[in-house]
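So the structure is just underneath, and the comments pick up after that.
Residues take their numbers from the sequence shown, with the count starting at 1.
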Amino acid sequence: MGKTIKFFIILFLSIIIACMTAWASLAIFYSNLAEETTRTNIAIAYAACTIAAFLFIKKRAWTLIGYLIVFCLIVAWWLNIKPSNDRNWQPDVAVLHYAIIQDNQITIRNIRNLTYRTETDFDAHYYDKTFDLNALDSVDLIAVYWMGDAIAHIMMSFGFQDKDFVAFSIETRKERGEGYSTIKGFFKQYELIYIVGDERDLIRVRTDYRNPQEDVYLYRIRFNRERAQKLFMEYIRQINDMKKKPVWYNTFTTNCTTNIVMHIKTFTQNIHYNWKILLSGYTPQYAYERGALDTRLPFDELKKLSHINPKAHIIGNDPEFSKKIRDGLPKP
């Protein structure tokens, strides 16, 4: 029995150390220490030295202590890598948004409304607009799919007197020439940005200009004015805070879906993290199950009606795009 327990303890510790070593090696590889070749060599050397130390040094207790000291130093270094608002940004995320708050009048500066020829070829336009918080009368959840049912990009849109709409899209803020990588997203490679945009921009770039085009669903949310106002102001406070203090994106903990849940949880506990939040494609279904969407219809039928790609193609760049895109959508 004693040997069996010892075996499982050693196995457990080995798995833990292997995971720690893998994380540290990737943190070094995806850091900004030096050029890619140097970082690769350092990451490989760290992993190789760890393996060699535990294989060939007989005093395992001292080996473990030494390993933990080195690992803690790597963690301390990694925690001190700070995000920045001062980089050579891609043009679509180069401009930060912020708001001026005067009682119930919220003036949002630099609302994005790019005019596209292709996804990467566009004219950049921004405008300022003042919204009366007391006129807020709708909140919509927008889910965008491009790789199956499990993964979606989630956006929120707020409507004022059913004529003025502004959408928020939580995204990675990429530098020029930088692509997206899920793995890199775990290792402080992207700053976070809350894009405040015109729906003609944030929806049509996905329905009309990306190749392949993405499937966009717009769900009308059961409206509660007090909660809607609180959620809107959470977004406003966040864009103002991030203009002063940038934030890292994280694939798992700080992304388009988890941040929405974080904002909602500041004023209600009627929402919880679960697998339908982590697998963001099922977020609309989770909202439906919580009674936030129109439950008079089966969810599959509601989803079919909420698919707006065909409408977006027809409406195009119409100034009343936001109003027309909602015609016929079930509203709880």
Compare every heavy atom of [Y] with every heavy atom of [X], then report the nearest pair and how far apart it is.
{"X": "K311", "Y": "I325", "value": "NZ-O, 3.5 Å"}
{"X": "A143", "Y": "I154", "value": "CB-CD1, 3.9 Å"}
{"X": "S31", "Y": "R39", "value": "O-CD, 3.1 Å"}
{"X": "L114", "Y": "A124", "value": "CD2-CA, 3.6 Å"}
{"X": "I106", "Y": "A99", "value": "CG2-CB, 4.1 Å"}
{"X": "Y46", "Y": "A24", "value": "CE2-CB, 3.5 Å"}

Determine whether [X] and [Y] fall in the same hydrophobic cluster, where Ile, Leu, Val, Met, Phe, Trp and Tyr are linked whenever their side-chain heavy atoms lie under 4.5 Å apart.
{"X": "F232", "Y": "M156", "value": "yes"}
{"X": "M155", "Y": "L302", "value": "no"}
{"X": "I315", "Y": "I142", "value": "yes"}
{"X": "I28", "Y": "I44", "value": "no"}
{"X": "I100", "Y": "Y127", "value": "no"}

[X] vs [Y] side-chain heavy atoms within contact, under 4.5 Å:
{"X": "R112", "Y": "D92", "answer": "yes"}
{"X": "V139", "Y": "N224", "answer": "no"}
{"X": "H153", "Y": "W146", "answer": "yes"}
{"X": "F321", "Y": "I203", "answer": "yes"}
{"X": "T118", "Y": "Y209", "answer": "no"}
{"X": "R87", "Y": "P246", "answer": "no"}
{"X": "V75", "Y": "W23", "answer": "yes"}
{"X": "T207", "Y": "Q213", "answer": "no"}

Report the C-alpha distance between M233 and L133 in whole Å, list the side-chain angles of each, state the deciding distance to 0.1 Å, and finish with yes or no for side chain to side chain contact (heavy atoms under 4.5 Å, CB included).
CA-CA 9 Å; M233 291 308 298; L133 193 61; 4.1 Å; yes

Distance (rounded to the nearest 0.5 Å) between [X] [atom1] and [Y] [atom2]:
{"X": "D132", "Y": "D103", "atom1": "CG", "atom2": "CG", "value": "10.5 Å"}
{"X": "L305", "Y": "D300", "atom1": "CG", "atom2": "CG", "value": "11.0 Å"}
{"X": "K323", "Y": "D318", "atom1": "NZ", "atom2": "CG", "value": "11.0 Å"}
{"X": "I221", "Y": "D140", "atom1": "CD1", "atom2": "CG", "value": "6.5 Å"}
{"X": "T115", "Y": "R200", "atom1": "OG1", "atom2": "CZ", "value": "8.0 Å"}
{"X": "N110", "Y": "K129", "atom1": "CG", "atom2": "NZ", "value": "15.0 Å"}

Side-chain donor or acceptor of [X] paired with backbone N/O of [Y] under 3.5 Å:
{"X": "N113", "Y": "H125", "result": "no"}
{"X": "R225", "Y": "D137", "result": "no"}
{"X": "S84", "Y": "D86", "result": "yes"}
{"X": "E191", "Y": "N85", "result": "no"}
{"X": "D164", "Y": "T130", "result": "no"}
{"X": "N88", "Y": "E175", "result": "no"}
{"X": "W248", "Y": "I81", "result": "yes"}
{"X": "R173", "Y": "V93", "result": "yes"}

Mind checking ring-ring contact (aromatic ring centres under 6.0 Å, His included) for F165 and listing every partner two or more places apart, or none if nothing turns up?
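By the ring-ring contact (aromatic ring centres under 6.0 Å, His included) rule, F165 matches no residue at all.
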
Give the ring-plane orientation class for Y249 versus Y180, where under 30° counts as parallel, over 60° as perpendicular and anything between as tilted.
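The arrangement is perpendicular - the two ring planes meet at more than 60°.
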
For the pair Y217 and Y145, name the ring-plane relationship: parallel under 30°, tilted 30 to 60°, perpendicular over 60°.
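Perpendicular.
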
Do [X] and [Y] make the cut of ring centroids closer than 6.0 angstrom?
{"X": "Y288", "Y": "Y219", "result": "no"}
{"X": "F54", "Y": "Y67", "result": "yes"}
{"X": "F131", "Y": "F158", "result": "no"}

So K243 and R109, side chain to side chain contact (heavy atoms under 4.5 Å, CB included) or not? Walk me through it.
CA-CA 12 Å; K243 192 173 190 301; R109 297 288 175 86; over 6 Å; no

Applying side chain to side chain contact (heavy atoms under 4.5 Å, CB included) to H97 and I111, what does each step give before you reach the verdict?
CA-CA 7 Å; H97 320 277; I111 297 173; 5.7 Å; no

Side-chain donor-acceptor pair present, Y282, D149, cut-off under 3.5 Å:
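No, no side-chain donor-acceptor pair sits under 3.5 Å.
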
Steps toward salt bridge (Lys or Arg N to Asp or Glu O under 4.0 Å) verdict (D123, R117):
CA-CA 8 Å; D123 296 324; R117 288 173 290 274; 3.0 Å; yes

Knowing that exactly one of R204, R326, K324 qualifies, which makes a salt bridge (Lys or Arg N to Asp or Glu O under 4.0 Å) with E199?
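Running salt bridge (Lys or Arg N to Asp or Glu O under 4.0 Å) over R204, R326, K324 with E199 returns exactly one hit, R326.
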
Greater than 12 external heavy atoms within 6.0 Å of K303's NZ:
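Yes - once you tally the heavy atoms of other residues, nucleotides and ligands closer than 6.0 Å, there are more than 12.
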
Is the number of heavy atoms from other residues, nucleotides or ligands under 6.0 Å of W77 CH2 greater than 12?
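Yes - once you tally the heavy atoms of other residues, nucleotides and ligands closer than 6.0 Å, there are more than 12.
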
Please enumerate all residues that pass side-chain contact (heavy atoms from CB on, under 4.5 Å) together with L68, with sequence neighbours excluded.
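L68 satisfies side-chain contact (heavy atoms from CB on, under 4.5 Å) with M20, L64 only.
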
Quick one, R237 with E234, criterion salt bridge (Lys or Arg N to Asp or Glu O under 4.0 Å). Give me CA distance, side-chain angles, the key distance, then yes/no.
CA-CA 5 Å; R237 279 188 280 269; E234 276 295 312; 3.6 Å; yes

When you look at D121 and Y116, which way does the side chain to side chain contact (heavy atoms under 4.5 Å, CB included) test go after all the steps?
CA-CA 6 Å; D121 180 17; Y116 296 92; over 6 Å; no

Evaluate the side chain to side chain donor-acceptor pair (under 3.5 Å) criterion for residues E35 and T37: first the C-alpha distance (whole Å), next the side-chain angles of each, then the deciding distance (0.1 Å), finally the verdict.
CA-CA 6 Å; E35 62 180 13; T37 302; 4.8 Å; no

Which residue, S138, S306, P330, forms the side-chain contact (heavy atoms from CB on, under 4.5 Å) with R220?
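Looking at S138, S306, P330, the match for R220 under the side-chain contact (heavy atoms from CB on, under 4.5 Å) is S138.
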
